[in-house]
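Before any comments, here is the structure.
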Amino acid sequence: IDENTGGGSEVSTSTISIILTTYNRAEFLRDSLRTLSEQDYPGATQLILCDDGSTDDTPYVAEEFKGNFDSFQIIREDPTDKQRLHEVRYVKLINKALPLCKGKYVTYATDDDLYHPRRSRTLVEFLEAHPEVFLVYHYMKVFRVSREKDYLEAIWDLSHQWTPGLKYWIENVWNYIDHSAIMHRNMFTENIPWDDAPRYMKCGDWGFLKRVLAAGKEFAHVPEYLAVGRKIKGMSLHFDGVETYERTVRNKDTIAKDC
């Protein structure tokens, strides 16, 4: 684990922790880090970059942004091809990062998404005003893009209000809340680990949300679009399929598991 501490040595209760997962998407990662570094949140921000063995320019991109956060840490793993094919890799990385989170609140990001400048502030303000709520999420739109970042098509409009119906749906059927849209309270040593069971290979955040609901935690939503999800054609297990993913791993190409 590499660490760079910038703006201050003390961690206040207003600190937020961002866990960002990445694998071989350096140019997309640069966009994501830029939007996270441009947040208007006035408190301190700890960013934990989880690199799943990138072989591109990811280390150089990370170096560009180290000084833009109050604390910047890197977790790097180098899984085998077998592990990539059979493990929910980003969930494994998130579970390694959670014990390192020092903030009062924890939020998540991916290397292909973009975040509105007021995202962090809006979610923190909501949680501060609603102490009974454990997890809050915002709306987001999801698009398919090319590897050159060209827009191809709209995929999802994740604008589901938190209702008993949605709660039942997530508990029993499927997930409609992207982990790039959530923030939750940090319970430190009591944090709920993400479920890394293979059945969540294509949707790791679903397993986590089910565990949080099973623990009796309260959810809420902010009815604002505060992020844009970009699913990269040819680089998404969810949309390009298992066969494409397996072929790509064997060919040592670049692809990532996401939901």
Output for pair (M140 CE, I182 CD1), nearest 0.5 Å, gives 11.0 Å
Applying the 4.5 Å side-chain criterion to the ILVMFWY set and letting contacts propagate, would L166 and F134 be lumped into a single cluster?
yes
Can a donor-acceptor pair be found between the side chains of S180 and D113 at a distance below 3.5 Å?
yes
Pick one: which of T22, N24, T58 meets side chain to side chain donor-acceptor pair (under 3.5 Å) with D111?
T22
Is there a side-chain contact between K149 and D31, using heavy atoms and a 4.5 Å cut-off?
yes
For H138 against A227, the heavy-atom pair lying closest together
CE1-CB, 3.5 Å
Do I170 and W206 have side chains that get closer than 4.5 Å, going by heavy atoms?
yes
Heavy-atom side-chain contact between D56 and E27 under 4.5 Å:
no
So, taking the atom named CG in D196 and the one named CD in E87, what distance separates them when rounded to the nearest 0.5 Å?
7.5 Å
Should V228 and Y108 be regarded as members of a common hydrophobic cluster, given that ILVMFWY residues are connected when their side-chain heavy atoms come within less than 4.5 Å of each other, either directly or indirectly?
no
Closest non-hydrogen contact found for F28 with S146 is CZ-O, 3.7 Å
Do R119 and T107 have side-chain atoms, one donor and one acceptor, less than 3.5 Å apart?
yes
For Y151, check ring pair (Phe, Tyr, Trp, His ring centres under 6.0 Å) against everything at least two apart and list the hits.
F143
Set of side-chain hydrogen bond (donor to acceptor under 3.5 Å, both in side chains) partners for R121, sequence neighbours left out
D40
Would you call R84 and D52 a salt bridge, taking side-chain N to carboxylate O under 4.0 Å as the test?
yes
What's the separation between atom CZ in R30 and atom OG in S37, rounded to the nearest 0.5 Å?
12.0 Å
Once you round to the nearest 0.5 Å, how far does CG of N191 lie from NE2 of H184?
6.0 Å
Quick one: are L47 and N68 in side-chain contact, heavy atoms under 4.5 Å?
no
Roughly how far, to the nearest 0.5 Å, is NZ of K96 from CD1 of I48?
13.0 Å
Check step by step if side chain to side chain contact (heavy atoms under 4.5 Å, CB included) holds for R34 and E64.
CA-CA 10 Å; R34 174 181 55 78; E64 288 179 31; over 6 Å; no
Can you sort out the partners of E125 under side-chain hydrogen bond (donor to acceptor under 3.5 Å, both in side chains), two or more places apart, ordered by chain and number?
none
Write out all pairs satisfying salt bridge (Lys or Arg N to Asp or Glu O under 4.0 Å) with one or both partners inside residues 132-141, taking only residues at least two apart or from two chains.
K141-D157
In this structure, CD of E224 is separated from CZ of R118 (nearest 0.5 Å) by 4.5 Å
Closest non-hydrogen atom pair between A62 and L49, with its separation:
CB-CD2, 3.7 Å
Which residues satisfy the side-chain hydrogen bond (donor to acceptor under 3.5 Å, both in side chains) test with S17, sequence neighbours excluded?
Q46
Might you point out which heavy atoms bring L123 and A181 nearest each other, and give the distance in Å?
CD1-O, 4.4 Å
Taking transitive links into account, so neighbours of neighbours count too, which hydrophobic residues share a cluster with Y168 at under 4.5 Å side-chain distance?
none
Residues at least two apart in sequence or cross-chain that pass side-chain contact (heavy atoms from CB on, under 4.5 Å) with T21, listed by chain then number, are C50, Y90, L93, I94, T110
Looking at residues at least two apart in the chain, or sitting in another chain, which of them share a side-chain contact (heavy atoms from CB on, under 4.5 Å) with H221?
Y137, Y139, Q161, W162, P223
Do S120 and T45 have side-chain heavy atoms sitting under 4.5 Å apart?
no
Taking ring pair (Phe, Tyr, Trp, His ring centres under 6.0 Å) as the definition, give me every residue that meets it alongside F188, ordered by chain and number, with sequence neighbours left out.
none
Report yes or no: do I177 and I192 belong to one cluster of Ile/Leu/Val/Met/Phe/Trp/Tyr joined by side chain heavy-atom distances under 4.5 Å?
yes
Path from Y60 to I75 over hydrophobic side-chain contacts below 4.5 Å
no
Beyond-backbone contact of R25 with I232, side-chain heavy atoms, under 4.5 angstrom
yes
By side-chain hydrogen bond (donor to acceptor under 3.5 Å, both in side chains), E63 pairs with (sequence neighbours left out) none
Which of parallel (below 30°), tilted (30 to 60°) and perpendicular (above 60°) describes F126 and H130?
parallel
Flag the pair I16 / Q39 as yes when at least one side-chain heavy-atom distance between them is below 4.5 Å, and no otherwise.
no
When every non-hydrogen atom of C203 is compared with those of W174, the smallest separation belongs to CB-CH2, 3.9 Å
Side chains of residues 208-220: which donor-acceptor partners sit under 3.5 Å, not counting sequence neighbours?
from, atom 1, to, atom 2, distance (Å)
K210, NZ, Y200, OH, 3.1
R211, NH1, P193, O, 2.9
R211, NH1, W194, O, 3.4

Test of understanding: with side-chain contact (heavy atoms from CB on, under 4.5 Å), list the residues that count as partners of E153, not counting sequence neighbours.
R144
As a quick check of understanding, evaluate salt bridge (charged side-chain N to carboxylate O under 4.0 Å, His left out) for D112 and R230, giving each step before the final call.
CA-CA 5 Å; D112 50 359; R230 299 184 295 177; over 6 Å; no
Within one Ile-Leu-Val-Met-Phe-Trp-Tyr cluster: V61 and I74, side-chain cutoff 4.5 Å
yes
Scanning both residues in full, the closest heavy-atom pair of Q83 with P79 reads OE1-CA, 3.0 Å
Can you tell if the side chain of L98 reaches within under 4.5 Å of the side chain of I19, non-hydrogen atoms only?
yes
